[in-house]
Amino acid sequence: MHNLSIKMETTPTIKDAYSLFHKGILALSRAEMQGFRVDVDYILRKREFLQRKLERTEIKFKETDFYADWCKSTKGKVNINSSTQLGDYLYKTKGFTALKYTKSNGNGSTDDEALKQLNIPELDFLFEKKKIKKTIDVLDGFYNEQVDGTIHPFYNLHLVRTFRSSSDSPNFQNIPKRDEEMMTLCRRALFPREGHQLLEVDFGQLEVRISACYNKDETLINDILHGDMHRDMAAEIFMLDNFDKNNKGHKLLRQAAKNGFVFAQFYGDYYKNCAENLASNWCQLPKTGKWKYGQGVVIDEIGKPFKPYHISDHLISKGIKEYGTITKTERGYVVTGFLKHVQDIENNFWNVRYKKYKQWKDDWFAEYQKKGFFDLYTGFRCSGVMKKNDVINYPVQGAAFHCLLWSFIQLDAFIIENNLDSRIIGQIHDSLIIDVNPKELKLIGETVHKITTVDLPKHWPWIIVPLEIDAEICGVDESWVKKEKYDLV
DNA sequence: GGAACTCGCCAC
DNA sequence: AAACGTGGCGAGTTCC
């Protein structure tokens, strides 16, 4: 009885969830109305430039023997934009073995990753062309949607299964960022209002922290607050006895462990995919035969400038001499090599290191199977037929976004109440983009910091892990390209 | 001629 | 036993 009454007070209900979205829609619509300034002259200029570059790349491709042979095999009817036709030519006509297959139809995959493994240099022109085209599409999207030099991206709260948001017309949540060249070309089009500057505020490791609120795993919480789980996993996966955070190679391997193992595991992936991804995408190690010395990425150049040390040298010296295989026998699966190594690490990851997290996953799924639904900590209810991974991921993804949305609403209200000139103009799941009047920068920064790290955990007592917020700032009257770290307090 | 589908790729 | 979560959008293709 006692426990129940506490729960009633602190656990948000479906009405609270409704209220969050009601206020959320109103706040988001103010950002939509405000919009994001675009440099129309730049877009038109750069579009022309990219269009010509696209045509030149296309011409270069059409001059290759590869293209001539492709045309010959289809009696001249070739559309170089068609991955279906390319797949037919490579896998059916030329007899290349597909190294990857598509999900729904099981055809040989023609994505960049699959094609790059075929080692056909002429295809580089197609990769280049695809990249240019993608950039043109983003700029076109801005141009087509702008009204008097301002785009008004929409934010939807009614479309996503996890109760996250989506964005369209144009989609503001998938503007290139990681590819330096594409990032610069696209974000150079986006500006604050005159005399203002763009401030971007991000929650740090938000989804991992929210997952910890559900699973309450002490090791995970400790790692979030004081440790470095990506470094630890890099050390285990690549068998590094003394991880050196200043070593360029070690830094790369930490990245590999973070994206190829830790995040993948948190989303519900398993050792086979992780091993494959780590070996081929991150280390360029072959998946057949014994590994040779001098293969794969250079991981360590200390003291040996003319004799690079390769990842294969290191793994072989530690006894991992090949990628390995998975064989089915009457007794079960026999796993060898690097595959076995990653499988062991996976087992340790879930059965020892994050044991309580795993227990939560099993319990949470069992509860869903019993009831047919589950409730997020923010009051939203997910029901219907779901896979185990869905049941584990949705509550985290949704509640993490709700932290952002709640903060968005508070900051929006603060801006209106105080008649400020700054405006929130965008949102990308765990970040806010604010068009700031420089005179208000300090106030906005301090307010965002207080809302996200003090008020939010007070509002939702289920947030049992401290939240962290990072900010970056662009110069006055400058585009969204050059950002500097900004201390909010 | 358009709806529905697949695939690939960008973001988180 | 199963096996990476959520979107939007463009291009090609297939079906009606």
Side-chain angles (χ1 to χ4, degrees), chain A residues 77-88 100-115 126-127 129-142 144-145 153-179 182-183 185-187 202-203 205-208 210-211 259-277 326 332-333 343 346 350 361-362 365 369 382 386-401 404 426-431 433:
Chain A
K77 275 189 233 158
V78 164
N79 180 348
I80 62 169
N81 297 319
S82 166
S83 36
T84 314
Q85 293 180 27
L86 180 62
D88 282 350
K100 215 179 138 186
Y101 295 88
T102 62
K103 209 159 197 174
S104 41
N105 278 354
N107 294 325
S109 169
T110 53
D111 66 13
D112 282 8
E113 192 203 320
L115 294 177
L126 285 188
F127 301 146
K129 186 174 167 298
K130 262 191 272 185
K131 212 175 100 169
I132 299 168
K133 181 66 171 70
K134 179 83 185 176
T135 309
I136 290 176
D137 285 347
V138 174
L139 293 179
D140 273 355
F142 294 163
N144 294 335
E145 294 293 342
F154 290 94
Y155 297 97
N156 312 299
L157 291 181
H158 62 295
L159 296 176
V160 184
R161 284 209 274 276
T162 60
F163 300 102
R164 247 198 191 180
S165 67
S166 72
S167 168
D168 64 79
S169 310
N171 182 350
F172 189 70
Q173 296 176 324
N174 71 344
I175 300 166
K177 182 175 190 176
R178 290 163 206 166
D179 183 299
M182 286 173 84
M183 183 279 285
L185 286 165
C186 297
R187 297 188 180 216
D202 291 72
F203 280 102
Q205 306 168 295
L206 185 60
E207 287 201 7
V208 179
I210 297 308
S211 89
N259 296 312
F261 186 82
V262 178
F263 282 169
Q265 289 286 334
F266 284 160
Y267 279 133
D269 207 354
Y270 77 125
Y271 75 93
K272 184 171 174 279
N273 287 337
C274 291
E276 201 171 307
N277 196 14
I326 302 172
Y333 290 94
Q343 187 190 32
E346 178 184 79
W350 289 113
K361 291 204 289 186
D362 294 343
F365 185 57
Q369 286 182 306
C382 293
M386 287 174 269
K387 303 193 294 285
K388 183 172 181 183
N389 281 344
D390 297 340
V391 176
I392 302 310
N393 284 321
Y394 289 7
V396 176
Q397 195 181 96
F401 167 67
L404 185 278
Q427 163 270 121
I428 315 178
H429 309 304
D430 68 351
S431 68
I433 295 86

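All values below come from the heavy atoms of this structure, side chains included, with hydrogens, waters and symmetry mates left out. Note that this is a predicted model, so its numbers are computed, not measured. Every chain is numbered from 1, with letters handed out A, B, ... down the list of sequences.
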Touch class at under 4.0 angstrom, heavy-atom based, for A/K387 against every strand present: sugar-phosphate
Single hit among A/S166, A/S167, A/S431, A/S165 for side-chain hydrogen bond (donor to acceptor under 3.5 Å, both in side chains) with A/Q173: A/S165
Sugar-phosphate only, base, or nothing, as touched by A/S165 at under 4.0 Å among non-hydrogen atoms: nothing
side-chain N/O A/S83 vs C/dA11 OP1/OP2, d < 4.0 Å: no
Length of the line joining A/Q85:CD and B/dC7:C1', which is rounded to integer Å: 14 Å
Atom pair distance, as rounded to whole Å: CG in A/D430 and C1' in C/dG7: 14 Å
Pairwise distance OH(A/Y155) to CG(A/D168) - rounded to 0.5 angstrom: 10.5 Å
Touch class at under 4.0 angstrom, heavy-atom based, for A/N393 against every strand present: sugar-phosphate
A/N81 side chain, from C-beta outward: closest of C/dG10, C/dG12, B/dC7: C/dG12
Euclidean distance, A/I175 CD1 relative to A/F142 CZ, rounded to 0.5 Å: 4.0 Å
Atom-pair distance (CG on A/N105; P on C/dT14), nearest Å: 11 Å
Integer-rounded Å distance: C/dA2 C1' and A/M386 CE: 17 Å
Under-4.0 Å side-chain N/O to phosphate OP1/OP2 contact, A/T162 with C/dG5: no
Of the listed nucleotides C/dG7, C/dC4, C/dT6, the one nearest the side chain of A/S166: C/dG7
Which nucleotide in B/dC12, C/dT6, B/dC9 has an atom nearest any side-chain atom of A/K134: B/dC9
N/O (side chain, A/S82) to phosphate O (OP1/OP2, C/dT13) under 4.0 Å: yes
Distance, rounded to the nearest Å, where A/D88 contributes CG and B/dT6 contributes C1': 13 Å
Side chain of A/V160 (C-beta onward), nearest among B/dT6, C/dG8, C/dT6: C/dT6
Salt bridge (Lys or Arg N to Asp or Glu O under 4.0 Å) assessment of A/D390 paired with A/R161: CA-CA 10 Å; A/D390 297 340; A/R161 284 209 274 276; 5.9 Å; no
A/T102 backbone acceptor or donor facing A/N107 side chain under 3.5 Å: no
Whole-Å distance separating the CD1 atom of A/I175 from the P atom of C/dG7: 19 Å
Partner of A/L126 by side-chain contact (heavy atoms from CB on, under 4.5 Å), out of A/L86, A/N81, A/D112: A/L86
Inter-residue atom distance A/Q85.CD - A/K77.NZ, 0.5 Å rounding: 10.0 Å
Atom-pair distance (OH on A/Y394; C1' on C/dG7), nearest Å: 11 Å
Any A/K130 side-chain N or O less than 4.0 Å from OP1/OP2 of B/dC9: yes
Minimum-distance nucleotide (side-chain atoms of A/R161 versus C/dG7, B/dC7, C/dG10): C/dG7
Contact under 4.0 Å: A/K133 side-chain N or O vs C/dG10 OP1/OP2: no
B/dC12 base / A/R164 side chain donor-acceptor hit below 3.5 Å: yes
Polar pair under 3.5 Å, donor/acceptor by atom type, side chain A/Q173, base C/dG7: no
Nearest-Å distance for atom pair CG/P, residues A/L206 and B/dA11: 19 Å
Among B/dC9, C/dG5, C/dG8, the nucleotide that comes nearest once only the side chain of A/N171 is considered: C/dG8
Closest to side chain of A/D168, choosing from C/dC9, C/dT6, B/dA11: C/dC9
Sugar-phosphate only, base, or nothing, as touched by A/L159 at under 4.0 Å among non-hydrogen atoms: sugar-phosphate
Touch class at under 4.0 angstrom, heavy-atom based, for A/S169 against every strand present: sugar-phosphate
Below 4.0 Å: OP1/OP2 of B/dC9 and any side-chain N or O of A/R178: no
